[in-house]
Amino acid sequence: MDATFVLVHSPSVGPSTWTPVAAALRARGRAAVVPSLVDVGVGAPPYWPRVVDEVVASAPFGPLAIVAHSNAGLFVPLVVEALRGQITICLFVDAALPPRTGSTRAAEPEHLVFLGSMADPDGILPRWTDWWPEEAVAELVPDEAARRQIVAEQPRLPLAYYDQEIPVPAKWDHVRGAYLWFGEPYARAAKEADERGWPVTRIPGEHLHQVVAPDEVAEWLISASQ
């Protein structure tokens with residue numbers, strides 16, 4: 001029985017960053033679900049349990065391939081623990097790579113300084129695409145309709161989301177892993193994945209390249225999960 005692909009987007013953006021890949025997978029006869037995490041930043045911390053709850057609620061019974069993009073990679077160990085026995089492989093796509101055990105911060109201290117400079121008096125950040133010049137966002141997603149959808153559905157996360165400490169259950173990586181990277185910001189994570197003995201592939205592109213080339217990414221997910 002083929003695993004269902006559970007495509008987990010970064011809480012910084014929204015599910016439309018994965019829906020083109022989900023459609024490409026379904027066109028190839030594979031099951032795929034895209035949990036929506038746009039509300040996980042509502043209310044007081046901790047935020048990570050809400051991420052896990054949303055992913056678990058969307059996952060059907062049976063074998064699962066967890067696919068994480070960007071910041072969502074940090075939650076994979078908790079998802080593996082919550083769905084223990086169902087996960088067949090963890091697939092990281094231009095994603096943060098969590099440690100083997102212990103805990104991890106949602107953002108490095110120097111990145112928190114950058115984020116803090118943008119937060120409003122209530123500690124709420126602009127939408128992720130508003131962190132960058134408009135032309136840079138257009139380079140990420142050249143298709144205007146797709147870009148409008150991505151921009152419109154983004155949440156405004158609290159700064160506290162990025163300041164949270166996320167637990168990393170021991171032995172979460174007892175299941176197989178594979179890593180796909182697009183651009184230089186994730187070269188270090190790709191190198192670490194290689195050092196862990198995982199298959200590592202590069203498809204050159206920008207950070208949201210799965211929106212630009214969903215068929216190519218879907219083909220990699222299917223191949224890596226075999």
Side-chain angles (χ1 to χ4, degrees), residues 6-23 33-55 57-58 67-76 79 92-96 104-166 181-186 189 205-214 217:
V6 181
L7 306 168
V8 187
H9 67 84
S10 166
S12 305
V13 285
S16 65
T17 56
W18 270 130
T19 49
V21 174
V33 296
V34 184
S36 176
L37 307 179
V38 295
D39 293 327
V40 299
V42 176
Y47 303 103
W48 60 261
R50 296 173 205 162
V51 175
V52 178
D53 289 347
E54 291 293 341
V55 175
S58 73
V67 186
H69 175 248
S70 193
N71 184 257
L74 299 176
F75 304 100
V76 167
V79 172
F92 292 79
V93 178
D94 227 38
T104 187
R105 307 296 300 189
E108 298 292 334
E110 60 271 20
H111 192 45
L112 280 174
V113 173
F114 164 69
L115 295 174
S117 69
M118 295 188 294
D120 69 15
D122 294 323
I124 305 300
L125 293 165
R127 299 174 304 181
W128 181 75
T129 53
D130 293 333
W131 301 359
W132 323 109
E134 189 174 340
E135 57 271 22
V137 178
E139 287 180 11
L140 283 175
V141 184
D143 182 85
E144 186 178 352
R147 188 168 67 251
R148 280 201 306 266
Q149 184 177 9
I150 289 169
V151 169
E153 72 180 2
Q154 294 172 109
R156 291 188 62 195
L157 290 174
L159 180 61
Y161 167 84
Y162 293 97
D163 196 32
Q164 68 178 317
E165 188 166 355
I166 303 166
W181 63 296
F182 301 141
E184 285 303 319
Y186 287 86
E206 301 296 334
H207 187 47
L208 295 179
H209 193 61
Q210 77 273 22
V211 179
V212 177
V217 172

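Note that the coordinates shown come from a computational prediction; the quantities given were computed from them, not determined experimentally.
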Sorted by chain and number, sequence neighbours left out, ring-ring contact (aromatic ring centres under 6.0 Å, His included) with Tyr161 holds for none
Applying salt bridge (Lys or Arg N to Asp or Glu O under 4.0 Å) to Asp122 and not counting sequence neighbours gives none
Contacts satisfying side chain to side chain donor-acceptor pair (under 3.5 Å) that involve residues 8-17 (not counting sequence neighbours) are Ser10-Ser12, Ser12-Tyr162, Ser16-Glu153
dist Leu208:CG -> His69:NE2 (nearest 0.5 Å) comes out at 5.5 Å
Sequence neighbours excluded, the answer for side chain to side chain contact (heavy atoms under 4.5 Å, CB included) partners of Ala22 is Leu7, Arg26, Ala32, Val34
Taken to the nearest 0.5 Å, the spacing of Ile166 CD1 from Leu74 CG works out to 5.0 Å
message = Any heavy-atom pair between the side chains of Asn71 and Pro11 that's under 4.5 Å?
response = yes
Pro45 and Arg50 have their tightest heavy-atom pair at N-NH2, 4.4 Å
Residues at least two apart in sequence or cross-chain that pass side chain to side chain donor-acceptor pair (under 3.5 Å) with His207, listed by chain then number, are Ser70, Asp94
Please tabulate, for side-chain N and O atoms in residues 109-117, each donor-acceptor pair with protein atoms closer than 3.5 Å (sequence neighbours left out).
residue	atom	partner	partner atom	Å
Ser117	OG	Phe114	O	2.5

Those residues at least two apart in sequence (or on a different chain) that pass salt bridge (Lys or Arg N to Asp or Glu O under 4.0 Å) with Asp53 are none
Q) Can a salt bridge be assigned to the pair Arg148 and Glu144 using a cut-off of 4.0 Å between side-chain N and carboxylate O? A) yes
Value for CZ (Arg156) from CG (Asp130), rounded to nearest 0.5 Å, stands at 8.5 Å
Glu184 meets the salt bridge (Lys or Arg N to Asp or Glu O under 4.0 Å) criterion, sequence neighbours left out, with Arg202
Those residues at least two apart in sequence (or on a different chain) that pass salt bridge (Lys or Arg N to Asp or Glu O under 4.0 Å) with Arg105 are Asp163, Glu165
CD of Gln164 to OG1 of Thr104, rounded to nearest 0.5 Å, is 10.0 Å
Ala146 and Val141 have their tightest heavy-atom pair at CB-CG1, 3.9 Å
*Answer yes or no: is there a side-chain heavy-atom contact under 4.5 Å between Val8 and Phe75?*
no
Tyr186 meets the side chain to side chain donor-acceptor pair (under 3.5 Å) criterion, sequence neighbours left out, with none
Closest non-hydrogen contact found for Pro35 with Pro15 is O-CB, 4.3 Å
- Just wondering, do Trp18 and Val6 contact through their side chains at under 4.5 Å, heavy atoms? no
Those residues at least two apart in sequence (or on a different chain) that pass side chain to side chain contact (heavy atoms under 4.5 Å, CB included) with Gln154 are Val13, Arg127, Trp128, Thr129, Val151
Contacts of Ala57 meeting side chain to side chain contact (heavy atoms under 4.5 Å, CB included) (sequence neighbours excluded), chain-then-number -> none
Exercise for the section: Please tell me if the side chains of Val40 and Tyr47 come closer than 4.5 Å, counting only heavy atoms from C-beta onward. Expected result: no
In this structure, CD1 of Ile124 is separated from CG of Leu157 (nearest 0.5 Å) by 8.5 Å
